[in-house]
Amino acid sequence: MSPAAYPYYPHSFTMLVILAMGVLILPLASGLIGTVHRLEGVIDTQREIMGNSLTITRDTREVIDDVIQLQRTAGQYHLLRDKGLAGSLRSSYRDLHQRLTELGVLLTAPSPQATLQAVGQLNDGLYLKLRPGRFLDSETFNSLKPEFDALHRTARVLQTSGDNFVQIHLRVLEDEMRAARRRLQLLTFALIPLTLVLAAIFSGMINRPIRQLKAAIQQLRRGDLRALPNLTGPQDIVELHNEIDWLRQQLGEIEAQKNQFLRHVSHELKTPLASLREGVGLLAERVAGPLTERQRSVVEIMDHSSRELQHRIEDLIRYSGMMREVGVSTITSLNLSEVLNTVLSRHRLAIEAHHLQIDVQLSAPTVYGDREQMETMLDNLLSNAVKFSPVNGCVLIRSSLISDIVHLQICDQGPGIPAAERTRIFDAFVQGAHQPASAVKGSGLGLSIVREILRTMGGRIEVGDLPPWAVCINLQWPAHSAPDAEYDAL
């Protein structure tokens with residue numbers, strides 16, 4: 001089933017990213033705008049209250065001054081009997097009356113309003129008795145002292161009421177600012193989880209198709225050519241996934257053609273090789289007549305070369321069979337030392353020719369696996385170690401059991417494997433750059449076969465470092481506790 005775009009995804013990956021950024025910015029922007037608007041309201045209220053507070057504080061104190069000025073001007077007018085002060089007396093009354101009127105607009109609480117009315121009534125009553133047009137004698141003027149004292153007391157009460165009124169409004173402003181701060185905190189606490197949730201949702205929507213593409217690429221990298229899982233995402237990502245799936249199909253066809261070619265070539269070569277081996281055997285047995293020393297040397301060369309060719313063809317057949325994913329292997333308890341001795345006997349002549357020393361250290365002498373496959377792995381690895389080792393060199397074969405994992409190392413003192421080749425050396429038909437000049441060129445399938453066998457066992461192979469050895473091939477696979485188990489082979 002081919003993957004398809006889902007309706008909740010935008011048409012393109014770019015639109016998905018833009019949409020994610022827009023949705024994430026929206027709550028933050030709305031919260032910021034609301035915060036600015038609320039702060040502007042608080043600032044306007046603060047400006048108004050502070051202005052009114054300054055005016056009230058100033059005017060209530062000036063009321064006291066106006067009362068003093070009224071009493072002084074009235075005394076000068078009536079006691080000195082100076083008609084020129086009539087205008088000053090009227091001005092003092094009007095100034096106090098105007099001041100009380102302005103305060104009446106600002107002092108809106110009942111208590112200050114009542115005090116204002118009391119000051120206004122006392123001011124009006126005194127002015128009726130003190131207004132210009134006639135002069136009061138000293139005794140009559142002094143009889144008004146209690147009314148002046150009452151006006152002074154009431155003016156001071158007005159000052160106290162004004163201060164209390166200002167303090168109340170300042171506390172109201174503090175409460176409003178505190179409430180605004182709480183609202184901002186609540187808004188922040190609400191926006192943080194909302195933003196995180198939205199970020200998690202869109203992060204998942206963005207990362208999901210990327211992870212699926214990565215998984216598809218990694219599947220191809222592992223050589224797994226099975227159908228790719230469906231992908232959910234924007235249309236352009238789905239189209240890219242379709243291109244990867246097309247590439248997978250093409251690789252599958254190429255792999256099938258390669259395996260078919262390997263099968264045909266290996267079987268086509270096997271029949272004439274059998275005839276060649278038979279003919280060489282007849283010559284070696286002198287069926288066709290006696291051979292001279294030089295002829296026997298040629299026959300030995302032909303026999304050795306035919307055996308090498310047979311070994312290469314068998315590698316091709318074995319690798320082709322593994323790639324077809326058929327066959328069942330039987331796991332049994334194996335004596336690693338016995339299996340190793342069998343393999344070493346096949347390479348005895350090459351080991352003696354190179355004067356090599358084989359250092360065997362088997363801390364895990366018993367392993368579980370398929371006997372034939374175990375011999376194949378050891379044969380390929382030992383063949384490489386012998387081929388690349390210098391004359392009078394040494395080959396290390398070491399096994400250990402760590403945390404129910406079998407570790408097998410085969411190390412040699414050859415030229416080593418460059419770091420750039422360490423990941424490619426296990427691919428089919430790949431050969432290292434450092435090839436011995438006297439060795440017969442191989443097929444490049446030995447390490448690939450070992451890797452495929454280890455895959456069937458749930459293991460792995462890698463090139464390791466173990467100074468002073470030039471190169472160490474490390475094999476790891478689970479130590480099966482139950483013998484006679486079966487597993488599907490690749």
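Note that these values count all heavy atoms, side chains included, but never hydrogens, waters or copies made by symmetry. Starting from 1, each residue takes its place in the sequence as its number.
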(request) Quick one: pull up CH2 in W469 and CG in D359 and give me the separation to the nearest 0.5 Å. (result) 6.0 Å
(message) Test your reading of the model: is there a side-chain donor-acceptor pair from H354 to the backbone of F388, 3.5 Å cut-off?
(response) no
(message) What I'd like to find out is whether the side chain of L382 reaches to under 4.5 Å of the side chain of I397, using heavy atoms alone.
(response) yes
(request) Enter the distance from M177:CE to L170:CG here, rounded to the nearest 0.5 Å. (result) 11.0 Å
(message) Within this structure, what is the CD-CD distance for the pair Q409 and Q476, rounded to the nearest 0.5 Å?
(response) 8.5 Å
(message) Using 0.5 Å steps for rounding, measure from the CD1 atom of I417 to the CG atom of D465.
(response) 10.0 Å
(message) I need the minimum non-hydrogen distance between P209 and L231, along with the two atoms involved.
(response) O-CD1, 3.8 Å
(request) State, yes or no, whether a side-chain contact exists between N474 and H407 at a heavy-atom distance under 4.5 Å. (result) no
(request) Over all heavy atoms of both residues, which pair between L454 and R460 is shortest? Give the atoms and the distance, please. (result) CD1-O, 3.4 Å
(message) Between Q167 and D163, is there a side-chain donor-acceptor contact under 3.5 Å, judged purely by atom types and distance?
(response) no
(message) What I'd like to find out is whether the side chain of R371 reaches to under 4.5 Å of the side chain of E338, using heavy atoms alone.
(response) yes
(message) My understanding is that only residues two or more places apart in sequence, or in another chain, count here; which of them pass salt bridge (charged side-chain N to carboxylate O under 4.0 Å, His left out) with R398?
(response) none
(message) Would you say that E375 contacts E372 through its side chain, given a criterion of any heavy-atom pair below 4.5 Å between the two side chains?
(response) no
(request) For V360 and S337, run side-chain contact (heavy atoms from CB on, under 4.5 Å): C-alpha distance rounded to whole Å, both residues' side-chain angles, the deciding distance at 0.1 Å, then the answer. (result) CA-CA 9 Å; V360 179; S337 178; over 6 Å; no
(message) How close do S161 and S111 get, counting heavy atoms only, and between which atoms?
(response) OG-OG, 4.2 Å
(request) Please tell me if the side chains of T55 and R58 come closer than 4.5 Å, counting only heavy atoms from C-beta onward. (result) yes
(message) Please find the pair of heavy atoms, one from P478 and one from I405, that lie closest to each other, and give the distance.
(response) CA-CD1, 3.9 Å
(message) side-chain contact (heavy atoms from CB on, under 4.5 Å) for T456 and E452? Distances and angles first, verdict last.
(response) CA-CA 7 Å; T456 68; E452 296 304 325; 5.9 Å; no
(message) Does this structure show an ion pair linking R171 with E174, if we count only N-O contacts that are shorter than 4.0 Å?
(response) no
(request) Could you tell me whether the side chain of N164 and the main chain of T160 form a donor-acceptor pair under 3.5 Å? (result) yes
(request) Give, for atom OG of S399 and atom CG of L475, the distance between the pair rounded to the nearest 0.5 Å. (result) 11.5 Å
(request) To the nearest 0.5 Å, tell me how far N392 CG sits from L356 CG. (result) 8.0 Å
(request) Provide the closest heavy-atom pair for S389 versus D412 in the form atom of the first, atom of the second, distance. (result) OG-CB, 3.4 Å
(request) Would you please say whether a donor-acceptor pair under 3.5 Å links the side chains of N230 and H241? (result) no
(message) Contact between E48 and D44 at the side-chain level, heavy atoms closer than 4.5 Å - yes or no?
(response) no
(request) Indicate yes or no: at least one non-hydrogen side-chain atom of L447 is less than 4.5 angstrom from one of L381. (result) yes
(message) Can a donor-acceptor pair be found, under 3.5 Å and without considering hydrogens, that links the side chain of S345 to the backbone of T342?
(response) yes
(request) Report yes if some heavy atom in the side chain of L336 is under 4.5 Å from a heavy atom in the side chain of L334; otherwise report no. (result) no
(message) Walk me through whether T376 and D370 qualify under side-chain contact (heavy atoms from CB on, under 4.5 Å).
(response) CA-CA 10 Å; T376 299; D370 181 82; over 6 Å; no
(message) Restricting to non-hydrogen atoms, name the atom on L466 and the atom on C411 that form the minimum distance, rounded to 0.1 Å.
(response) CD2-SG, 4.1 Å
